[in-house]
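Okay, so here's the structure we're looking at.
Residue numbering restarts at 1 for every chain, and letters A, B, ... go by the order of the sequence lines.
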Amino acid sequence: MKLYNTLTRQKEEFRPIEGNTVKIYSCGPTVYQYAHIGNMRSYIFMDILRRVLKYNGYQLKHVMNITDVGHLVSDADEGEDKMMKTARETRKSPWEIAEYYTGVFMDHIAELNIEKPEIIPKATEHIDEMLEFVEALVEKGYGYETSDGIYFDIMKFEGYGKLSGLDLEGQKAGARVDVNKEKRHPADFALWKKAPKEHIMQWPSRWGMGYPGWHIECSAMGRKYLGDEFDIHTGGVDHIPVHHENEIAQSEALLGKPAVRWWLHGEFLLVDNGKMSKSLGNTYTVTDLREKGYDPLAFRYMCLNANYRSKLNFTWDGLKAAQVALDRLIEAVVAHKNADPEVKVPDEIVQGFEKEFLEAINDDLNIPKAMAVAWNVARYGTKSQDLYRLLLKMDQVFALDFSKAAEKIKEETPELDPEILELIEQRQQARKEKNWKVADEIRDRLNEMGILLEDTPQGVRWSYKK
RNA sequence: GGCGCCAUAGCCAAGUGGUAAGGCACGGGUCUGCAAAACCCUCAUUCCCCAGUUCAAAUCUGGGUGGCGCCUCCA
């Protein structure tokens with residue numbers, strides 16, 4: 001299979017470094033607020049990567065960190081700690097906050113059918129590893145101490161900027177103001193920060209009480225669980241210039257060789273063609289989707305319909321279209337599921353579809369193309385359980401609950417309150433008497449109440465309007 | 001100012017040298033008392049503009065135009 005490596009800016013044939021196991025590190029959530037659907041898109045991308053690798057027969061050893069130690073509000077390592085800010089505002093301890101938001105995050109990724117990575121370490125439980133990492137860097141001459149912390153000296157590291165194509169001179173000449181005069185280069189970054197007394201989260205170190213810089217956790221935990229060299233590192237495109245550049249600098253400076261083979265980055269989700277931001281009030285969460293009547297999997301479907309390396313524009317209309325499409329796809333899957341077991345589809349047809357599907361997912365996770373194949377299977381003229389099995393196989397990658405949803409449709413006889421049941425009964429009576437006027441009036445009335453009626457050959461079916 | 005991405009039907013979106021996937025919406029049809037839902041059919045001679053390379057370009061090259069992201073915490 002081929003994957004696009006940000007480091008080389010091209011698709012490369014993927015082979016694990018060692019045997020059949022793929023070692024992956026994914027930048028995980030900072031748990032001091034709700035993760036929004038933009039964050040979720042990244043984890044859906046991470047999940048698709050996992051599933052495609054597994055489909056290809058690989059074993060996974062996958063680490064995703066939980067950042068439960070506060071990063072700072074601004075760069076240049078200044079300003080208030082984010083975790084502290086939330087703590088102050090909610091009068092809770094950082095630990096309580098982290099636990100709460102971690103729980104919500106786990107619920108949300110579960111609703112999106114995002115598989116949990118095998119190893120999910122918390123930053124606060126790996127302070128020792130981070131300190132060891134920092135100490136080793138200082139001993140090697142890559143770190144230096146200032147009055148407020150230990151910084152990484154990027155000029156000592158030759159490859160700095162290779163991931164993002166950063167022009168350090170250009171950066172220097174830019175509008176950016178260097179607020180920290182003790183730093184040797186404006187882009188030098190903190191490995192360890194000395195903590196002021198009021199800082200809630202702090203740990204002892206050889207430089208006194210302090211807390212880790214915001215890049216070190218990924219390097220330290222990745223190394224602990226995956227070793228000095230691992231296959232894939234994922235994250236959002238926003239991490240390319242600073243976070244991942246710094247990770248590369250730290251790890252490579254320490255090891256004397258690259259720690260990561262493939263850098264994979266997921267593009268942003270835009271909302272109404274612009275950036276998501278709290279000030280615009282468009283940082284929707286999975287909870288928001290559900291409250292508006294959408295299946296979180298409709299959002300997953302929406303994400304699957306676009307390449308992970310392209311920006312995707314989120315709109316409510318777009319989500320609605322995705323929900324309709326997903327519902328119909330499931331209906332089509334059910335038609336195959338209920339097909340006569342005697343009906344066969346020629347092997348070469350089934351295998352042809354399967355091959356097309358595999359080629360798509362193995363071409364840098366071309367899921368939109370794979371979905372097109374699934375649609376062609378779903379709408380194939382002959383309904384057959386051969387194709388149902390194929391669709392279930394494809395769903396190992398899509399994870400759109402083909403099988404579960406098919407069950408659900410079968411058993412759909414929800415509860416209704418008696419008043420509405422009575423109205424439906426009255427309408428049935430009117431229909432029997434061919435009193436269409438009354439029947440239609442009742443249907444309209446129910447419609448206004450948000451109940452949709454459908455007369456099917458099997459009887460009346462109702463549902464809540466979306 | 002620096003770095004990077006993108007531009008394909010009303011909308012979302014594949015395709016990166018060989019003659020335009022898929023989905024949503026629209027229109028037509030089947031079904032229905034009428035609807036709804038579902039299903040079937042239809043829907044880009046053309047890929048932002050201009051020039052070039054080529055037997056052949058949406059795909060490559062050069063130049064425009066437009067949009068977006070990052071450079072400040074961000075997925």
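- No hydrogens or angles were tested; on distance alone, nothing pairs the side chain of A:R328 with the base of B:A38 as donor and acceptor under 3.5 Å.
- With salt bridges taken as basic N to acidic carboxylate O contacts below 4.0 Å, none links A:K320 and A:D317.
- Nucleotide B:U30 is matched to B:A38 when pairs are restricted to Watson-Crick or G-U wobble geometry with both distances under 3.5 angstrom.
- Residues passing the ring-ring contact (aromatic ring centres under 6.0 Å, His included) test with A:W436: none are found, sequence neighbours excluded.
- Comparing the same atom, P, in B:A57 and in B:G17 gives a spacing of 14 Å after rounding to whole Å.
- Contact annotation for A:N366: backbone-only contact, meaning every heavy-atom pair under 4.0 Å involves sugar-phosphate atoms and none involves a base.
- Annotation: of the two residues near RNA chain B, A:D363 and A:R427, the 5′-most nearest-nucleotide partner is A:D363.
- A:R309 comes within contact range of no nucleotide atom at all, as no heavy-atom separation falls under 4.0 Å.
- For A:H244, the ring-ring contact (aromatic ring centres under 6.0 Å, His included) partners are A:H233, A:H239, A:W263, A:H265, not counting sequence neighbours.
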Next on the checklist: If you apply the rule ring pair (Phe, Tyr, Trp, His ring centres under 6.0 Å), what do you find for A:F357 with A:F398, and how did you get there?
Outcome noted: CA-CA 11 Å; A:F357 173 79; A:F398 300 138; 5.6 Å; yes
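- Nucleotides B:A7 and B:A58 place their P atoms 15 Å apart, quoted to the nearest Å.
- The side chain of A:R379 contributes an N or O atom lying less than 4.0 Å from OP1 or OP2 of B:C40.
- The gap from the C1' atom of B:A13 to that of B:A44 amounts to 14 Å, rounded to the nearest Å.
- Of the side-chain N and O atoms in A:T283, none sit less than 4.0 angstrom from OP1 or OP2 of B:C74.
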